[in-house]
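Notes for the one structure printed next.
For reference, positions follow the sequence shown, starting with 1. The figures here come from the full heavy-atom set of this structure, side chains too, leaving out hydrogens, waters and symmetry mates. Counting convention: from 1, in listed order, for ligands and their atoms alike.
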Amino acid sequence: MKFANSELAFEKAKKFIPGGVNSPVRAFKAVGGNPVFIQSAKGAYIKDIDGNSYIELINSWGPMILGHAHELIQEAVVKALEQSPSFGGPTEREIQMAELITEMIPSIEKVRMVNSGTEATMACVRVARGYTGRSKIIKFEGCYHGHGDSFLISAGSGAVTLGVPDSPGVTQGVANDTLTAPFNDIEAVKKLVAANKNEIAALILEPVVGNMGCVAPKEGFLQELRKLCTEHKIVLIFDEVMTGFRLSKGGAQELYGVSPDMTTLGKIIGGGLPVGAYGGKREIMDMVAPAGPVYQAGTLSGNPLAMAAGLAMLNYLKGNPSVYTKINESAKQIVAGFEENHKELGLKYTINQVGSMFTLFFTDQPVRNFDDAKKSDTILFGKYFQGMLREGIYLAPSQYEALFISNSIGEQEIAKIVAAHKKVITTLK
Ligand code: HOZ
């Protein structure tokens, strides 16, 4: 495999873009080597500018749930483009989108469209603070909610990958208002709540974590959080930017039967275009301007192209629940194949899987929180990543990310992924 064009592109990119990339995790810093620059993608495959083709397991970090360049999404975007890509004024598509979201996720009674998951989480916390009149929030170590100041304390994803979970540039004041607990540790959360009585506005979490690698909530954990938040009038926020419309048509909250007060969404609701949303109980959302006093705005919010793509995507998912059966089954088969390989080779690594998200952790210990995830051998992961890349499998370039299965992955791709895994893991032994 040759990477000459990507290498040249990276050298040039570094002259004009910090670190040569527009989002840190793309830089391959944690896995060595240079990033591959993408040319195009179709279905289950992505191609780089050197002409190498890979089976896609990142899928734009989730949204390409139907695979790349799906004709329904393409057609919807082209049609919307003909009517102009942006108005900065309201459209009927936004109403359709809001109606569809509230129908598919019943805990959301009103929803506001924004442009990214980061915007959604920042706005959500501001609204929760406005609603409760309190300042502090609780987040979990290793959860990542975008790059808003409040969330860059013990943050996962690119922040931990690059070794900056507590980013410089975040003021002490903001840090003081962000309390953290280990994921899956209800007693730790109870202690924080007791020590900060009537001061906590919101508790935010990824109900199934994707950003320290894939980590499932322990049985009853989400239910206990719900109970605690209700008792102490804390706004419970589920960050479903990655899990929304992926783990089920109603997201993780439908899968686990727990209703948050507010939810953040992104990715899938734009069908791959830049988009985010936050929503929740009517009385909380009516705090948002112009209905209420909490200010939040955006010229490109509810952008017509993003709405068209998102509507096409959500309508398809709503009408075709078999997508979920298929992507979950594909993930299960891949994980089973990996486990079989490990068994045959006498290896013991941990694999966490929830629906169509999974992570292979290079540790033999169970991974239930951030400290567990950090026990992984990241050097070994880097070698594994490079080996898989050369076998034509495009993985997330970090141990602390989940992989995402699309509906375009079929038996043939599953077999290739499992075979590549065996070949690469054998050389790592
Ligand atoms: N937050 C995304 C999933 N962990 C990663 C995207 C990025 O940082 O570029």
Side-chain angles (χ1 to χ4, degrees), residues 10 13 17-31 35-38 41 46 56-65 114-122 124 139-165 167 183 204-215 238-247 251-252 264-270 272-278 352 354-361 367 370 373-374 376 378 381 385 394-406:
F10 191 44
I17 303 172
V21 288
N22 279 314
S23 195
V25 82
R26 295 178 197 171
F28 280 27
K29 271 201 158 179
V31 291
V36 292
F37 279 65
I38 309 302
I46 191 160
E56 240 298 43
L57 292 177
I58 303 183
N59 282 300
S60 190
W61 308 94
M64 312 319 287
I65 194 165
V114 290
N115 298 295
S116 70
T118 291
E119 253 191 79
T121 53
M122 289 194 310
C124 234
K139 78 173 280 286
F140 289 95
E141 294 159 7
C143 278
Y144 177 77
H145 306 289
H147 59 85
D149 284 358
S150 317
F151 308 119
L152 290 181
I153 314 287
S154 292
S157 189
V160 62
T161 305
L162 276 283
V164 284
S167 172
F183 192 73
I204 184 167
L205 76 157
E206 301 173 72
V208 170
V209 190
N211 285 301
M212 54 176 112
C214 178
V215 177
F238 276 8
D239 180 349
E240 295 232 41
V241 166
M242 293 207 282
T243 53
F245 307 106
R246 170 164 282 280
L247 293 186
T264 59
L265 298 166
K267 317 228 189 214
I268 291 176
I269 57 167
L273 273 81
V275 81
Y278 65 98
N352 285 355
V354 180
S356 58
M357 295 166 64
F358 72 96
T359 299
L360 160 61
F361 291 96
V367 178
F370 198 30
K374 285 193 291 186
S376 305
T378 52
F381 174 83
F385 171 87
Y394 190 58
L395 304 179
S398 165
Q399 174 68 94
Y400 306 109
E401 298 286 358
L403 299 177
F404 298 95
I405 300 297
S406 83

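For ligand 1, the atoms lying closer than 4.0 Å to a non-hydrogen atom of Glu401 are 3 (C), 4 (N). Listed by atom number, the atoms of ligand 1 under 4.0 Å from Ser23 heavy atoms are 7 (C), 8 (O), 9 (O). Each of the following atoms of ligand 1 lies closer than 4.0 Å to a heavy atom of Lys267: 2 (C). Near Val25, meaning under 4.0 Å from any of its heavy atoms, are these atoms of ligand 1: 7 (C), 8 (O), 9 (O).
Under a 3.5 Å cut-off, the side chain of Lys374 and the backbone N or O of Gly142 do not form any donor-acceptor pair. Using a distance-only test at 3.5 Å, with no hydrogens or angles considered, no donor-acceptor pair links the side chain of Arg246 to the main chain of Ile268.
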Open item on the list: Quick one, Thr121 with Asp239, criterion side chain to side chain donor-acceptor pair (under 3.5 Å). Give me CA distance, side-chain angles, the key distance, then yes/no.
Closed with: CA-CA 7 Å; Thr121 53; Asp239 180 349; 5.5 Å; no

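The option with the heavy atom closest to atom 1 (N) of ligand 1, from among Trp61, Phe404, Tyr400, Tyr144, is Tyr144.
Side-chain atoms of Thr243 and Glu240 include a donor-acceptor pair closer than 3.5 Å. Residues Glu56 and Ser406 have side chains that never bring a donor and an acceptor to within less than 3.5 angstrom of each other.
Taking a 4.0 Å cut-off on heavy atoms, His145 fails to register as neighbouring ligand 1.
The shortest N or O to N or O distance between Asn211 and ligand 1 is below 3.5 Å. Of the N or O atoms in Ser157, one or more lie within a sub-3.5 Å distance of an N or O in ligand 1.
Asn211 contributes atom CG, which lies 4.5 Å from atom OG of Ser157 (distance to the nearest 0.5 angstrom).
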